[in-house]
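To start, the structure under review is shown below, and the notes come after it.
Letters A, B, ... mirror the listed sequences (proteins, then strands); counts begin at 1.
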There are 2 protein chains.
Amino acid sequence: MDSKPIRMVTVPKAVIKRLPMYFRFINQLIEQGTERISSRELSQLMGITSSQLRQDLSYFGEFGQQGYGYKVVTLKQAISSIIGLEKIYNAIIVGAGNMGKAIAGYPGFSRRGLKIIGIFDNNPEIIGNKLGSLDVLDVKTLPEFLNKNPVEVGIITTPASVAQEIADILITAGVKGIWNFAPVLLHGNKNVIIEDIHVGDSLMTLFFKLNKNK
Amino acid sequence: MDSKPIRMVTVPKAVIKRLPMYFRFINQLIEQGTERISSRELSQLMGITSSQLRQDLSYFGEFGQQGYGYKVVTLKQAISSIIGLEKIYNAIIVGAGNMGKAIAGYPGFSRRGLKIIGIFDNNPEIIGNKLGSLDVLDVKTLPEFLNKNPVEVGIITTPASVAQEIADILITAGVKGIWNFAPVLLHGNKNVIIEDIHVGDSLMTLFFKLNKNK
DNA sequence: TAGATTGTTAATCGATTAACAATC
DNA sequence: TAGATTGTTAATCGATTAACAATC
């Protein structure tokens, strides 16, 4: 009766942030046809320490073999499953400007399980336009659309000024997650996960570093 | 002769990452016409602690007054200057796909000092197209263009497979910074600052959190 | 002045790294 | 088996927060 105690530790935020990076690198190895890799080799490719790699993985289980390293396919399968990449999420985009179009048009996202089933705007000149196989719909019809269709993820690519308003509609309709491209802090609640991507912040970080180096 | 010792501490990475957020919120206050704000009030708006706000600012100087708080215009000026937002950087975009167009077309970036002076692609069907006031140029002419024009920032919005190749051209030409949208780790050198924005990583982080919550 | 709030120090908390027993 | 490499513990390092003297 010598069963292992379950380590019930929450996954640190820093580890969560690195999971996509692990997935990217392991994917690259798969494409190259690499079969096995040690934590030392992989960590060197990634520019991190092997301690960190092993420590990070250990929050989710044991995926390697002593003396051998990791089977690349096993690792890919494990990380896909940890992130939840085998699932498909129905999503809608609000804001059919440049960024909205870029998200809708990038094949990498649909390949990872993001299925765009609607795209909305408030501009009469844009409403009705074709975007791939989708028509741009009037944002006035958004609540109705959300009622009729199962939507797990709302993507906000509107100007900052209306982003909260849209978020409120999405949250009221019960979306599970919001992927927010508007440069503003959205207020949600415990039932919705908000993931921000602040492209402008990234540019300012670059500016700061350029400025500092001079 | 009681001059203050200079605190020569390097700014922590975590602080640098927050600077753009400070700028965003202070800007918002300006737009609202707020004149003064305390660290407590501002930190509550931002969802951080007032200790963190004051500690962060203290790496750059003293911008407030005891008993009063911060003058919003003073703070905006200070943070603009810290980030280097009063400067203008000449930039080119490589990759005139959806993301390249989104970056080129977003007015917020030019307002912050990013001046796009060229956009390149390798697709004959795209080369020659107008994008705003710019013609999409053949990426074969990129080295020549970089020789003739002063370019500080190169923006990579190509597929991952060619991103390093483009980065090498940019680095050889002596750009100061690379803003990288390709989902790949670029190898540079100490003379170039590489700032990554991995949109797909952000989506995977959202997926992970959705997955965990179920 | 009295009250408010800064800037800074020191304590706490969380993340990273080094080291190694376990083991393939 | 001997060598290699994992998973984990403990030490170190960095970031955040609490607390308060200084002072507007």
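Atoms CD1 (Ile48(A)) and P (dT17(C)) sit 9 Å apart, rounded to a whole Å. Distance Leu57(A) CG to dT16(C) P: 14 Å, rounded to the nearest Å. dG7(D) atom P lies 11 Å from atom CD of Gln55(A), rounded to whole Å. To the nearest angstrom, C1' of dT17(D) lies 13 Å from CG of Leu53(B). Summarising the geometry, the separation between CE on Met46(A) and C1' on dT17(C) is reported as 16 Å, rounded to the nearest angstrom. In this structure, Gln52(B) atom CD and dT9(C) atom P are separated by 18 Å, rounded to whole Å. The distance between atom CZ of Arg18(B) and atom P of dG14(D), rounded to the nearest whole Å, is 16 Å.
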Item to check | Base-pairing string, 5' to 3', of DNA chain C - Watson-Crick or wobble, under 3.5 Å, | interstrand | outcome: ..||||||||||||||||||||||
Polar pairs (N or O, both sides) under 3.5 Å between protein and nucleotides 4-6 of chain D?
residue : atom : partner  : partner atom : Å
dT5(D)  : OP1  : Arg36(A) : NH2          : 3.4
dT5(D)  : O4'  : Gly67(A) : N            : 3.0
dT5(D)  : O2   : Gly67(A) : N            : 3.3
dT6(D)  : OP1  : Ser39(A) : N            : 2.6
dT6(D)  : OP2  : Ser39(A) : OG           : 2.4

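When each of Ser39(A), Ser43(A), Ser38(A) is tested with Arg54(A) by the rule side chain to side chain donor-acceptor pair (under 3.5 Å), just one qualifies, namely Ser39(A).
Comparing dT17(C), dT16(D), dG7(D) by their nearest atom to the side chain of Ala14(B) picks out dT16(D). Comparing dT8(C), dA15(D), dT17(C) by their nearest atom to the side chain of Lys13(B) picks out dA15(D).
When heavy atoms are screened at a 4.0 angstrom cut-off, Ser51(A) is found touching base atoms of the nucleic acid.
Scanning both residues, Val192(A) and Gly188(A), for their nearest heavy atoms gives CG1-CA, 4.2 Å. The two residues Leu29(B) and Val72(B) come nearest to each other via the heavy atoms CB-CG1, 3.9 Å.
Seen from the ring of Tyr68(B), Arg36(B) counts as a face-on cation partner, given the 6.0 Å and 45° thresholds.
Ranked by how close their nearest DNA chain C nucleotide is to the 5' end, Gly61(B) and Asp56(A) are led by Gly61(B).
Counting non-hydrogen atoms of neighbouring residues, nucleotides and ligands closer than 6.0 angstrom, the CD1 atom of Ile88(A) reaches no more than 12 such neighbours.
Asn98(A) places none of its side-chain heavy atoms less than 4.5 Å from the side chain of Tyr106(B).
Less than 6.0 angstrom separates the ring centroid of Trp179(B) from the ring centroid of Phe109(B).
In this model, no donor atom of one side chain and acceptor atom of the other lie less than 3.5 Å apart for Asn27(B) and Glu31(B).
Every residue meeting the side chain to side chain donor-acceptor pair (under 3.5 Å) condition with Asp56(A), not counting sequence neighbours, appears here in chain and number order: Arg18(A), Tyr22(A).
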